Every structure is written in structure tokens, then in C-alpha cells.
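Please read these numbers as outputs of a predicted model, since none were measured by experiment. A note on names: the letters A, B, ... follow the listed sequences, proteins ahead of strands, and every chain is numbered from 1.
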Amino acid sequence: MKTIELRTITIIILLAGILSCQKKETVVTTEPGALQINISSPSEGTIVKKGDQVAIKADISYISQLHGYIVQITLDDGTIVFETEGHAHSDKITVEEYWNDTLSYEANLNLLLTAVVDHDENQKIAKVAFKSQP
Amino acid sequence: MKYIIGCALLLFSSTIADACDVCGASSGNQNLGLLPQMYRHFAGIQYQYNSFSSTHVPLSDNQPVEYSDEYYRNVQVWGRYCIGRKWQLFAFVPYRYNRSTYTGQTEPSQGIGDATLLVNYTFIQTSDSSESPIQHRLQGGAGIKAPTGSYKGVSVLEKQGLPNMQPGTGAWDIPLNLNYTLKYNNTGLNMDCSYNITTANRDNYKYGNRLNTQLLAFYWLQGSAVSVLPQIGTRYEYALHDYDNYNRKWLNEQTGGYILSGVAGVQVYYNNIGLQLQYSKPFTQNYGAGNIKAIQRVDAGLMFLL
């Protein structure tokens, strides 16, 4: 009887050990087309004016799980005039952010959309150039 | 008679670590700890308070790091029904009140949690007729945790690998437990291990399996009508990573980890009534890739032997 009980306990412990294994999807981040970014707004060369609300819309897709995105609007010299970010654990992200143009001078702007795959700096950046006029 | 009381004593501890074990929130384990008179039914109510602080690391280096605090409160009705001298049935029905403060805003979440049913078998038990000053008992069993609690889908915080504040998990789990008590005269040791095998919920989110183990030393001070049992020990909680999508094996490495805590408490018995109070504070921990810190935990309980 004691042997059976010992066996039962051993099985429980072994079962717990086996259930402690964790599989993880293996993905090659550099695979061509693995990470795609499609920015639908603003379009290249768009001119916006002070007081306009600029819609930033994009779709990001990846062959595995994404971690999030970073949206930046910068001046030509790299100065950031707007930045926001979003987290998502999915293979598809729909980005919809808004920036209110408060610039009182003419400026060449760049929209930089970074798709973040993981915390190991696996990411891709897409860029759209547009202009602001007062 | 003294022996029977002493043996029965192998008291109760009811460190029900179900709310947020290693921050598993509603997916935590059910520890039984030290239990009173093993051939009697009982019913009781328990309260647990657990607090954590979390660090939210931004994706961009330009964004500031933000912080939040999480407070988990759990009131639980539980009971034991003895079937013969070997089998015992346990049931737990929790009500959770969780609160998170993040960027100055407080987000409460409350409701009935996931109910658990456990069946335990006594593998080893010192005979009642034994005159030996050494007594021991080994029990183990398994059960099921049903998704009876409120669950509204994967939250934003969970997507970030941070604690789930919802009362329910939306998933069925299989809890296993092993409980050993060794007593020499009025002094004893209790080791309690529970392992929770989780399954994926409707969103394919799967909490990591969780191990919760506790070692307590206790001493039995017996008065004419009242028994007092001070206890001290340690608790180790370990959680595997969660899966954001179990079908696709999307492992969330921002979740899981361990907490090693010091535990001190006392139990008091008067006739058929038992009271319990326990406090624990982490010694060392690494949870959620170091972004989540357990602060402290308080357990209190009242039980009635039937």
C-alpha cells in the first residue's frame, strides 16, 4: 500500500515537472516581408496648417507577435514635436493617433512609425514626409 | 483525550494564497496549510490583502517610466467535508475587490472569483492509539477551479505583461496539493505545496502554471479553554510565463517569476472556533522581468468546526 502511495506522489511530482516546460514560437525576424507597415495617413507631401488635427493611421502586421508601436513627428533636424506609443500583443496592429498642429512656422515634418517586435530592439521604422504651414 | 486534541490539533493555517500568487491574480493557488481536527467538517471565512507596485517601461527611450500600485483584497468562504477517515472535500468561493492606481487614476475591479473544489486523500497518518511523541500526516489531492468569476477579456495591462485585476480568469485550472505535518510533543513543522495547472481561456490567454510552497514551524500553547499556536516560516511562490496566445505559443516573458517571503502568524482556538492571522513580507523576488514588486500580504481567517 505504501509503495502505491509513494508511486502516486512520484507521479504527481513528475507530472508537475513535465508541465513546467514552456514552448515558444520560433520566428526569424529578418525574414523578408515578416514585418510590414502601411501608413495610410498622412500621405507623402501632405500640407497641413496650424490648428489642423492630423490623423495618423497605419496598419502593422508581422508573422508572429508584435509588442507595440511608437509614433513620432519630427522636424528635419530631428527635434520631436509629437510622440506617443501603444502596446499590443497581436500579429496585427491598427494605429490611429491624432496630432494637433500648433507650429507657428513653416516646417518640413517627418512621421516616423516604429513597429516594435520585442524588447531586444527588433523593430522596423516607416517614414512619411509632409509639411506644416502657419 | 489530550492526545486526540493534540493530534487533531495539527491545526489549521488556511493560508489561502489564491489572490495574486506571484501576481497571478485570480489564477493563484489554494494552499491548505495546517488544518484542524482532520475528521471534522468545518466552514470558515477568510480575508487576504496583497499589495504590489509595478513599473511600466515605455517602448521609446524618450517617454518617462511610469509606476502603478495594485491592491488585491479577497474575501473567501470555504469549507471542508470529511468522507470517512481518508477522504476530504474542500470548496472555496472567493469574492475579490482589486484596485489599481496608475498615473493618478484608480481603477477598481470586483466581483465573484473563480470557485475551486479539491479532493484530498490521507496517505500517511499516525495512528490515534500511538503513544509516540512524534506524529505525522501526509495528505495530497487534486481538484478543479471553474471559471465562475467575472472575466471581460484580456485587459490592456495584461497585454503589457502586467497584473490581471479581474476577479476571474475565464479558464479552467487543475490545482494539485501535497501537505505534510510533523509534530513532536508541542512543536511541529508543516510543509504545504500546491501546483496549479492552468489552461487557456476563450482569448487563448493562458496564465503560467504556478507553484506555491510554504514551510511553517509552530508551537502549541494549550490553556484550559484556549489554544494558541504561534508560527513562523517561509513561503516560496513561483510562476511560469503566461501565454498571450497559447495556440500560437506566444510566450509573454514579461510575466512569471518568483517571490520568497518570510511568514509569521498566530492561530487561536476556543471551543469550536478558530482564528488565524498571518503576515508575510518578501525577502527576495523577481517577477514580471523585475517590473513587479510584491510589497506585503496579510491573511486573516475565522472558522467554525461543525
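When every heavy atom of A/H87 is checked against every heavy atom of B/V57, the shortest pair comes out as NE2-O, 4.2 Å. Across all non-hydrogen atoms, the minimal contact from B/L59 to A/H67 is CD2-CD2, 3.3 Å.
A search for salt bridge (Lys or Arg N to Asp or Glu O under 4.0 Å) contacts involving B/E253 returns A/K24, not counting sequence neighbours. Looking at residues two or more places apart in sequence or on another chain, you find no salt bridge (Lys or Arg N to Asp or Glu O under 4.0 Å) involving A/D59.
Here salt bridge (charged side-chain N to carboxylate O under 4.0 Å, His left out) pairs that include residues 41-51 of chain A, with residues two or more places apart or in two chains, number zero.
In this structure, no portion of B/Y246 lies under 4.5 Å from any heavy atom of chain A. Heavy atoms of A/E85 lying under 4.5 Å from chain B belong exclusively to its side chain.
Scanning residues 69-80 of chain A against chain B with a 4.5 Å non-hydrogen threshold yields A/Y69, A/I70, A/Q72, A/I80, sorted by number.
To the nearest 0.5 Å, atoms OG (A/S90) and CZ (B/R248) are separated by 8.5 Å. In this structure, CD in A/Q65 is found 7.5 Å from CG in B/N245, a value given to the nearest 0.5 Å.
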